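Note sheet for the following structure.
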Amino acid sequence: MTPSTVDPTQELAAFLRTRRERLDPDDFGLPKRRSRRTPGLRREEVAELAGISIDYVVRLEQARGLRPSASVVEALARALRLNPDERAYLFALTRHYPRGSDGVATAAAPPLARLVDDLSPLPAMLMNHRFDVLAWNAEMAGLLLDFGSLPAPHRNAMWLCLAHPEIREYYVDRERVLREGVAHLRTAWAAHPEDRALTDLITEITEQDAEFARLWSQRDVKLNGRGGKAMRHPRLGPIDVHFEVLMPLQDSDQRLMICRPADEPTRRALTRLPNR
């Protein structure tokens with residue numbers, strides 16, 4: 001059958017049926033039944049595992065126009081033992097955003113850590129949604145600072161911009177850089193309500209830094225994935241860099257930041273950064 005324009009209701013029905021039919025009842029410890037005329041779990045079994053009514057499952061599989069809530073979608077994903085890609089597809093079909101699907105990245109995925117090194121001589125680093133710095137190359141350490149010399153709680157780009165005595169003075173337009181960073185952090189906070197550590201970090205910074213508290217209270221939101229920063233580098237002098245932030249499909253809580261020179265003087269200056 002050749003696919004045409006997606007009908008989410010019909011596709012949801014077909015997807016739920018195929019996922020249900022591929023499951024082995026023995027894997028769920030379900031009681032043996034003499035007559036299973038169709039493969040997989042029965043609708044009533046899926047309903048029981050998901051904690052919803054049999055009638056609701058029937059109507060979903062018959063494409064009768066239902067739009068399940070995010071909590072029902074999550075329950076169905078667990079009941080059907082969907083893998084992360086299937087779970088994301090189910091959420092997409094029901095027009096919901098899957099919260100916390102990958103969890104919080106607290107260490108760099110090895111392939112991404114190697115990529116950070118391979119991007120040399122461009123300064124690059126890897127962060128999670130909290131702005132925790134997970135990996136960096138020698139050029140990024142030279143552009144900012146040696147992250148490895150910092151205690152883990154301070155290895156955070158937002159904390160550095162606010163509290164580190166050197167980094168505080170790096171940015172020519174510090175107000176804009178900080179405003180955009182706080183707006184980006186608020187966006188991440190809303191997308192990860194289950195991340196208690198992020199909430200605690202925001203609470204701590206709000207209580208300790210009046211500048212952050214002022215900007216946070218304004219409730220600006222912005223995905224800050226591309227832009228430029230003018231810097232007063234202590235060794236290189238005035239430089240202008242462009243940055244790009246990329247999100248890998250396979251590790252969606254990790255963000256790869258790559259910096260490039262914005263002009264020829266900066267390009268020449270960056271060649272003086274230490275490299276691997």
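If you're wondering where the values come from, they're calculated on a predicted model, not measured in any experiment.
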* Asked: Who pairs with Arg219 by side-chain hydrogen bond (donor to acceptor under 3.5 Å, both in side chains), at least two apart in sequence or on another chain?
  -> none
* Can you list the residues that meet the side-chain contact (heavy atoms from CB on, under 4.5 Å) rule with Arg155, with sequence neighbours excluded? -> Val133, Trp136, Phe147
* Asked: Is the closest side-chain heavy-atom distance between Leu256 and Leu112 below 4.5 Å?
  -> no
* How close do Leu273 and Pro123 get, heavy atom to heavy atom, and via which atoms? -> CD1-CG, 4.1 Å
* Pairs in or reaching into residues 257-267: which pass side-chain hydrogen bond (donor to acceptor under 3.5 Å, both in side chains), with residues at least two apart or in two chains? -> Asp263-Thr266, Glu264-Arg267
* To do: Determine the minimum heavy-atom distance between Pro68 and Leu60, stating which atoms define it.
  => CD-CD2, 4.0 Å
* To do: Under the salt bridge (Lys or Arg N to Asp or Glu O under 4.0 Å) rule, collect the residues that match up with Arg174, sequence neighbours excluded.
  => Glu211
* How many angstroms lie between atom CG of Leu122 and atom CG of Leu270, to the nearest 0.5 angstrom? -> 8.5 Å
* Structure fact -> Residues pairing under salt bridge (charged side-chain N to carboxylate O under 4.0 Å, His left out) where one sits in residues 234-247, two or more places apart or in two chains, turn out to be Arg226-Glu244
* Distance from Arg268 atom CZ to Thr271 atom OG1, nearest 0.5 Å? -> 9.0 Å
* Shortest non-hydrogen contact between Arg95 and Arg67, atoms and distance -> O-NH2, 3.0 Å
* Approximate separation, where rounding is to 0.5 Å, of Met140 CE and Leu145 CG -> 11.0 Å
* To do: Return the orientation label for the Tyr89 and Phe15 ring planes: parallel under 30°, perpendicular over 60°, tilted otherwise.
  => perpendicular
* Asked: What pairs meet the side-chain hydrogen bond (donor to acceptor under 3.5 Å, both in side chains) rule with one or both residues in residues 141-154, with sequence neighbours excluded?
  -> none
* Got Met158 and Val182 here, is their nearest side-chain heavy-atom distance under 4.5 Å? -> yes
* **By side-chain contact (heavy atoms from CB on, under 4.5 Å) - contacts of Leu23 (at least two apart)** => Phe28, Leu41, Leu80
* Set of residues satisfying ring-ring contact (aromatic ring centres under 6.0 Å, His included) with respect to Phe243, sequence neighbours excluded -> none
Ignoring hydrogens and angles, write down the donor-acceptor pairs under 3.5 Å from the side chains of residues 47-56, residues two or more places apart or on other chains.
unit_1 : atom_1 : unit_2 : atom_2 : d
Ser53  : OG     : Tyr56  : N      : 3.0
Asp55  : OD2    : Arg59  : NE     : 3.0
Asp55  : OD2    : Arg59  : NH2    : 3.4

* Please round to the nearest 0.5 Å and tell me the distance separating atom CE of Met257 and atom CZ of Phe131. => 7.5 Å
* Asked: Heavy atoms, side chains only, cut-off 4.5 Å: are His184 and Lys222 in contact?
  -> no
* Asked: Given side chains that start at C-beta, do those of Leu236 and Arg272 come closer than 4.5 Å, heavy atoms only?
  -> yes
* Check whether any side-chain heavy atom of Leu144 lies under 4.5 Å from a side-chain heavy atom of Leu160, and answer yes or no. => no
* Asked: Rounded to the nearest 0.5 Å, what separation is found between the CG atom of Leu198 and the CG atom of Asn156?
  -> 9.0 Å
* To do: Please report the C-alpha distance between Gln208 and Leu162 in whole Å, then the side-chain angles of each, then the deciding distance to 0.1 Å, and finally whether the side chain to side chain contact (heavy atoms under 4.5 Å, CB included) criterion is met.
  => CA-CA 10 Å; Gln208 296 179 358; Leu162 287 164; over 6 Å; no
* Least distance between heavy atoms, Gly142 atom then His233 atom -> O-NE2, 3.0 Å
* Asked: Does the side chain of His129 come within less than 4.5 Å of Val104's, by heavy atoms?
  -> yes
* Asked: Heavy-atom distance under 4.5 Å between the side chains of Leu76 and Arg19, does that happen here?
  -> no
* To do: Determine whether Leu185 and Val221 fall in the same hydrophobic cluster, where Ile, Leu, Val, Met, Phe, Trp and Tyr are linked whenever their side-chain heavy atoms lie under 4.5 Å apart.
  => no
* Asked: Who passes side-chain contact (heavy atoms from CB on, under 4.5 Å) against Glu166, sequence neighbours left out?
  -> His164, Tyr170
* **Where Asp253 and Ala105 come nearest, the two heavy atoms and their spacing** => OD2-N, 2.7 Å
* **Expected output: side-chain Glu86 to main-chain Asn83 donor-acceptor under 3.5 Å** => yes
* Ion pair check, Arg114 and Asp118, cut-off under 4.0 Å -> no
* Asked: Measuring from Leu178:CG to Phe212:CZ, what's the distance to the nearest 0.5 Å?
  -> 8.0 Å
* To do: Quick one: do Leu12 and Leu90 satisfy side chain to side chain contact (heavy atoms under 4.5 Å, CB included)? Show the steps, please.
  => CA-CA 7 Å; Leu12 174 63; Leu90 182 63; 3.4 Å; yes
* By salt bridge (Lys or Arg N to Asp or Glu O under 4.0 Å), which residues pair with Arg179, not counting sequence neighbours? -> Glu175, Asp220
* Hey, does the side chain of Arg64 reach the backbone of Glu61 with a donor-acceptor pair shorter than 3.5 angstrom? -> no
* Asked: Does Met125 reach the side chain of Val116, with side-chain heavy atoms less than 4.5 Å apart?
  -> no
* Check side-chain contact (heavy atoms from CB on, under 4.5 Å) between Glu169 and all other residues, then give those that pass, not counting sequence neighbours. => none
* Asked: Same cluster for Val46 and Leu66 if Ile/Leu/Val/Met/Phe/Trp/Tyr side chains link at under 4.5 Å?
  -> yes
* **Atom of Leu119, atom of Ala124 and distance for their closest heavy-atom approach** => CD1-CB, 3.8 Å
